[in-house]
**Student:** 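Handing you a structure now.
Being a predicted model, the structure only gives us computed values, none of them experimental.
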Amino acid sequence: MPVSLRRLPDGRPLLLAIVLVIALTVCALPSATADETPPAASAAQAAYDQQRCGNQSGRVLLTFDDWPSDDVARATRVGAHLRDRGIRAAFFLINEYARQHPQVAQELRRQGHFVGNHTYSHPHLPGLTEDAARREIRDGVRSTLFRPPYGAYGARETRIAADLGHRVCTWTVDTRDWEETKDRLPDAATLRERVRNAPAADLRGGVVLGHLFTNFADAVPGIVEDLRASGYHLFRNTGPTTVEIPDPLPC
């Protein structure tokens, strides 16, 4: 028997309204290993925000870029640490290296993290021809989220990514963990302080950028502690993910 789509006074189908209410309620439910209730989200789906990567949850998403060339297991170690604390993160891997170690992306997804495309070889995309830029994005890690190297992109790169089934995903908080001073990278305490002092508007419902080749992974336990102590909520780890990352991001 066909389902009757009764409508609310504003014209929305009643069934759709019920689904939205259920989804928002699930986002707000606490879990035994994750954060408590985040700030209430709006029932109306906002337009996709490239800086927030479709994050409409009010929670903080930690993200890791590039590749840990000196320690391949670093990505899955920090992934396991976050999983054990009920937290989901996102890892944007350079496929030139990730394809040599396919177990890394596979294990990250099993751990419950998003794995995104960071191109094949990490070039500055606006400086490439259209064909070359398309190849770099096409040959990246399979995913529906794409982070341009250096955060460098424009309308052309957005269009190419969309043609290939990707949404551009950048960040709201840059830890600048890659920026050397006197030939030294910032230490874990400095990175922890930078996140702690980031504007509230950039953290709540935001995306924090760090890298796998820096001291960001070492700073993560302290960053998580600080965020929770300040009343922020991190993405909850609800189990394995796939190459298809939904929009909006699941809370």
Side-chain angles (χ1 to χ4, degrees), residues 5 7-29 35 37-65 88-92 113-119 125-126 130 133-134 137-138 140-174 195 198-210 227 232-236 238 241-251:
L5 291 178
R7 294 184 174 272
L8 297 176
D10 64 1
R12 288 179 298 156
L14 178 58
L15 182 59
L16 174 59
I18 292 172
V19 169
L20 285 171
V21 170
I22 291 173
L24 292 172
T25 301
V26 170
C27 284
L29 288 175
D35 298 294
T37 308
S42 169
Q45 183 178 349
Y48 182 77
D49 185 330
Q50 292 177 335
Q51 283 188 288
R52 296 181 187 270
C53 307
N55 178 8
Q56 299 177 28
S57 67
R59 297 176 180 270
V60 181
L61 179 65
L62 301 178
T63 68
F64 301 79
D65 279 12
R88 168 175 286 160
F91 293 77
F92 292 87
H113 303 296
F114 302 131
V115 178
N117 178 355
H118 201 38
T119 69
L125 291 174
E130 173 144 351
R134 181 176 292 272
I137 299 172
R138 181 198 64 202
V141 171
R142 287 187 61 213
S143 181
T144 52
L145 280 187
F146 167 65
R147 175 165 285 172
Y150 314 105
Y153 74 101
R156 185 190 71 165
E157 290 72 36
T158 300
R159 170 178 53 78
I160 293 172
D163 289 346
L164 295 170
H166 297 78
R167 302 184 304 278
V168 171
C169 167
T170 59
W171 55 84
T172 58
V173 177
D174 185 353
V195 175
D202 292 341
L203 285 170
R204 185 163 289 111
V207 178
V208 177
L209 167 66
L227 288 172
Y232 294 102
H233 310 275
L234 292 108
F235 263 64
R236 298 183 306 173
T238 56
T241 65
T242 70
V243 299
E244 299 288 336
I245 301 173
D247 175 29
L249 295 179
C251 56

**Student:** Looking at every non-hydrogen atom in both residues, tell me the closest pair between Gly58 and Arg204 and how far apart they are.
**Tutor:**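 That would be O-CG, 3.5 Å.
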**Student:** Once ring-ring contact (aromatic ring centres under 6.0 Å, His included) is applied, do any residues pair with Phe91, and if so which ones, sequence neighbours excluded?
**Tutor:**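 Per chain and number, Phe91 pairs via ring-ring contact (aromatic ring centres under 6.0 Å, His included) with Phe64, His113.
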**Student:** Between Arg88 and Thr241, what is the shortest heavy-atom contact and its length?
**Tutor:**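 Closest pair (atom of Arg88, atom of Thr241, distance): NH2-CG2, 3.6 Å.
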**Student:** With sequence neighbours excluded, tell me which residues meet side chain to side chain donor-acceptor pair (under 3.5 Å) with Tyr150.
**Tutor:**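 For Tyr150, the residues satisfying side chain to side chain donor-acceptor pair (under 3.5 Å) (neighbours in sequence not counted) are His122.
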**Student:** In chain order, what residues pass the salt bridge (Lys or Arg N to Asp or Glu O under 4.0 Å) check against Arg142, with sequence neighbours excluded?
**Tutor:**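 Salt bridge (Lys or Arg N to Asp or Glu O under 4.0 Å) list for Arg142, sorted by chain: empty.
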**Student:** Is the shortest heavy-atom distance from the side chain of Cys53 to the side chain of Tyr48 under 4.5 Å?
**Tutor:**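 SC-SC contact between Cys53 and Tyr48 confirmed.
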**Student:** Got a second to check how far Glu130's CD is from Arg159's CZ, nearest 0.5 Å?
**Tutor:**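 One finds 4.0 Å between CD of Glu130 and CZ of Arg159.
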**Student:** Determine whether a donor-acceptor pair (N or O, by modelled atom type, separation under 3.5 Å) exists between the side chain of Thr144 and the backbone of Glu244.
**Tutor:**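 Flag not set: sc Thr144 to bb Glu244 has no pair under 3.5 Å.
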**Student:** Restricting to non-hydrogen atoms, name the atom on Cys169 and the atom on Leu145 that form the minimum distance, rounded to 0.1 Å.
**Tutor:**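 Closest approach of Cys169 to Leu145, heavy atoms only: CB-CD2, 4.1 Å.
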**Student:** So, using side chain to side chain donor-acceptor pair (under 3.5 Å) as the criterion, who are the partners of Thr63 when residues are at least two apart?
**Tutor:**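 In terms of side chain to side chain donor-acceptor pair (under 3.5 Å), with neighbours along the sequence ignored, Thr63 is linked to Arg147.
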**Student:** Which atom names give the shortest non-hydrogen contact between Val115 and Ser143, and what distance separates them?
**Tutor:**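 It is O-OG, 2.9 Å.
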**Student:** Check Ala133 against Arg156 and note the closest heavy-atom contact, atom names and distance.
**Tutor:**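 Minimum heavy-atom contact is CB-NH2, 3.8 Å.
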**Student:** With sequence neighbours excluded, what pairs up with Gln51 under the side chain to side chain donor-acceptor pair (under 3.5 Å) test?
**Tutor:**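 Result, side chain to side chain donor-acceptor pair (under 3.5 Å) vs Gln51: none returned.
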**Student:** Return the CZ to CD1 distance between Phe146 and Ile160, rounded to the nearest 0.5 Å.
**Tutor:**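 That separation rounds to 9.0 Å.
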**Student:** Can you find a heavy atom in the side chain of Leu125 that is under 4.5 Å from one in the side chain of Ile137?
**Tutor:**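 Yes; the side chains approach each other to less than 4.5 Å.
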**Student:** Is the side chain of Asn55 donor-acceptor paired with the backbone N or O of Arg59 at a distance under 3.5 Å, no angle test?
**Tutor:**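 Pair found, side chain donor or acceptor close to backbone of Arg59.
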**Student:** Can a donor-acceptor pair be found, under 3.5 Å and without considering hydrogens, that links the side chain of Arg134 to the backbone of Leu164?
**Tutor:**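 Pair absent, no side-chain N/O of Arg134 close to backbone of Leu164.
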**Student:** Write down the atom of Ala198, the atom of Leu203, and the distance for their closest heavy-atom approach.
**Tutor:**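 Taking every non-hydrogen atom into account, O-CD1, 3.7 Å.
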**Student:** Taking C-beta and beyond as the side chain, do Phe92 and Pro149 meet within less than 4.5 Å on heavy atoms?
**Tutor:**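 SC-SC contact between Phe92 and Pro149 ruled out.
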**Student:** According to the side-chain hydrogen bond (donor to acceptor under 3.5 Å, both in side chains) rule, which pairs have a member within residues 164-174, sequence neighbours left out?
**Tutor:**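 Pairs touching residues 164-174 that pass the test: Asn117-His166.
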